[in-house]
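Right, one structure below, let's go through it.
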There are 2 protein chains.
Amino acid sequence: MRENLARLPDRESASHRDDKIELKVWLRLLTCTSLIEAEVRSRLRSSFDTTLPRFDLLAQLDRAGDGLTMGELGSRLMVTGGNITGLVDALAAEGLVERAPHARDRRSRVIRLTAKGRRAFAKMAPVHERWIDAMMAGMGRAEMTELLRLLGRLKDSVRQTGGAR
Amino acid sequence: MRENLARLPDRESASHRDDKIELKVWLRLLTCTSLIEAEVRSRLRSSFDTTLPRFDLLAQLDRAGDGLTMGELGSRLMVTGGNITGLVDALAAEGLVERAPHARDRRSRVIRLTAKGRRAFAKMAPVHERWIDAMMAGMGRAEMTELLRLLGRLKDSVRQTGGAR
DNA sequence: GCAAGTTAGTTTAGATATAAATTATCGAGG
DNA sequence: CCTCGATAATTTATATCTAAACTAACTTGC
């Protein structure tokens, strides 16, 4: 039986009343992400027998149009290069992506979806989008718009101050 | 040299103008979490030579007071039991936590911080909190309060509709 | 041209994660 | 009592991920 993560105590459970709001925001952000991620991961497995990182990688390639280098994939998925190498190896073995030489830089390689990869993603994408929609069905449109805006502010703040050394 | 993740194109880069707002919220949520996580992970390594999951586990134990079972740790950190077993093994080997028998259920084991574990966490916690504060320094207090509220709404929505099968 | 530093990708070693199978114990109903 | 389904933790197999070392190719400044 699969545990139902959705209803059990989470990171915030022991949150102290006097915790700083910054910490609370961070813990709740992490809780939301983990909840959605776990749900998507489990559904990708049961519906399409694939994994979240593989789906994410295919999604980036699909959006990019004519391929991305390994480095671009790494920056978009925010993971290390070694990780991308492994994921692309696996997806190439499944015949969903292919490595092509880069036109002007022989160090680089352009990763592209194969026809099979494009078909596979096209089948999954709308279903995946419905899962996300359903999980956010409890929020109003105005709330989502405002949440998107505030997350944008947070992203800017982190990039401004977090990355500075 | 460590890549500076903070300024490169992320998941949203290829976001279509007509993407549904639900998908945009999810991608931006993931971007924020990944950014903060990468920063905290890197700093935990360079400042304290430890990792994020270990720090998280210590934090939960510290907040809990008199110990948590393996299952409770799993639900709070939202990871599977097998993962917790490995983390507790590692932390126990470092002498930061210990397994004690459960008073009324011989299947369970209560995990507690050792004195050394408590000291280690006490040293890291305030520094960790300053990192989080700094990353959110670009936001106003009212914005954070509203963000916290909206994330709460999202959490409720996911728990309501996501977990339902 | 060409040495020196940089960048793209891979490899390696080890840590973290899942899912599924297993073991031990619990708890309820007969 | 005692069997049977449920639960707690671990084990196993495999996938994902990081950090750091490495290789090959690029670029810059002279």
Side-chain angles (χ1 to χ4, degrees), chain A residues 1-5 8 30 33-34 37-46 49-57 67-94 97 99-111, chain B residues 1-5 8 33-34 37-46 49-58 67-94 97 99-111:
Chain A
M1 224 282 287
R2 203 178 74 87
E3 265 183 74
N4 191 343
L5 227 61
L8 296 167
L30 204 44
T33 300
S34 301
E37 235 180 44
E39 190 63 29
V40 171
R41 188 185 302 280
S42 144
R43 289 184 186 237
L44 279 175
R45 172 167 302 277
S46 60
D49 192 30
T50 190
T51 65
L52 186 49
R54 291 176 196 206
F55 176 84
D56 273 350
L57 199 152
L68 293 170
T69 64
M70 302 294 284
E72 287 168 336
L73 278 169
S75 96
R76 279 168 176 72
L77 297 179
M78 297 201 253
V79 295
T80 56
N83 191 355
I84 297 292
T85 296
L87 286 172
V88 169
D89 283 351
L91 288 167
E94 295 175 36
V97 307
R99 288 176 162 100
H102 189 282
R104 289 190 310 280
D105 188 339
R106 277 180 304 165
R107 294 170 304 177
S108 275
R109 316 176 70 171
V110 179
I111 315 304
Chain B
M1 225 283 288
R2 203 178 73 87
E3 265 182 76
N4 192 344
L5 228 61
L8 296 167
T33 300
S34 301
E37 235 179 44
E39 191 62 30
V40 171
R41 187 186 303 280
S42 144
R43 290 186 185 236
L44 278 175
R45 173 167 304 276
S46 61
D49 191 32
T50 190
T51 65
L52 186 49
R54 292 177 196 206
F55 176 83
D56 275 349
L57 199 152
L58 294 181
L68 292 170
T69 65
M70 301 294 284
E72 288 168 336
L73 279 168
S75 96
R76 279 169 175 72
L77 298 179
M78 298 202 251
V79 295
T80 56
N83 190 355
I84 297 292
T85 296
L87 287 171
V88 169
D89 284 351
L91 288 167
E94 294 176 36
V97 307
R99 288 174 161 101
H102 189 282
R104 288 190 310 279
D105 187 340
R106 276 182 304 168
R107 294 170 302 178
S108 276
R109 317 176 68 171
V110 179
I111 315 304

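Every heavy atom of this structure was used, including side-chain atoms; hydrogens, water molecules and symmetry mates were not. Chain identifiers are assigned alphabetically (A, B, ...) following the order of the sequence lines, protein sequences preceding nucleic acid strands; residue numbering begins at 1 within each chain. Just so it is clear, the structure is predicted and the values come from calculations on it, not from any experiment.
- Atom CG of A:L87 is separated from atom P of C:dG9 by 15 Å (rounded to the nearest Å).
- Nucleic acid contact for A:I84: none, since no nucleic acid atom lies under 4.0 Å from a heavy atom of the residue.
- Using a 4.0 Å heavy-atom cutoff across all strands shown, A:G82 reaches at least one base atom of the nucleic acid.
- Within the model, atoms CG of B:L77 and CG of B:L68 stand 9.0 Å from one another, a figure rounded to the nearest 0.5 Å.
- We find that CD of B:E37 is positioned 17 Å from P of D:dT16, with the value rounded to whole Å.
- Within the 4.5 Å cutoff, no side-chain heavy atoms of B:E72 are placed close to those of B:V110.
- Nearest nucleotide to the side chain of B:S108, out of D:dT7, D:dA9, D:dT10: D:dA9.
- Mapping A:R41 and A:M70 onto DNA chain C by nearest heavy atom places A:M70 closer to the 5' end of the strand.
- Which of C:dT25, C:dT18, D:dA15 sits closest to the side chain of B:R107 comes down to C:dT25.
- With distances taken from any side-chain atom of A:R109 to the nucleotides D:dC17, C:dG9, D:dT11, the minimum falls on C:dG9.
- Here A:N83 does not reach the OP1 or OP2 of D:dT16: none of its side-chain N or O atoms lies under 4.0 Å away.
- Of all nucleotides listed (D:dA19, C:dT10, D:dC26), D:dA19 comes nearest to the side chain of A:T80.
- With rounding to whole Å, B:L73 atom CG is found 13 Å from D:dA8 atom C1'.
- Minimum heavy-atom separation, A:T85 to A:R99: O-NH2, 3.7 Å.
- The shortest side-chain heavy-atom distance between B:E37 and A:M78 does not fall under the 4.5 Å cut-off.
- Between B:H102 atom NE2 and C:dG27 atom P the separation is 10 Å, expressed in whole Å.
- Closest approach to the A:R54 side chain among D:dA15, D:dA9, C:dA15 is made by D:dA15 (side chain taken as heavy atoms from C-beta onward).
- Spacing between atom CG of A:D56 and atom C1' of D:dT16 amounts to 12 Å, rounded to whole angstrom units.
- Counting to the nearest Å, the P atom of D:dT14 and the CZ atom of A:R45 are 13 Å from each other.
- Using a 4.5 Å heavy-atom cutoff, the side chains of B:L58 and B:V97 are in contact.
- When rounded to the nearest whole Å, the span between CZ of B:R106 and P of D:dT10 equals 16 Å.
- Each of A:D105 and A:P53 lies near DNA chain D, and the nucleotide nearest A:P53 is the one positioned closer to the 5' end.
- For A:R99, whose side chain is taken as the heavy atoms from C-beta onward, the closest listed nucleotide among D:dC17, C:dT10, C:dC26 is C:dT10.
- A straight line from CZ of A:F55 to P of D:dT16 spans 15 Å, rounded to a whole angstrom.
- For D:dT16, the OP1/OP2 oxygens have a side-chain nitrogen or oxygen of A:T51 closer than 4.0 Å.
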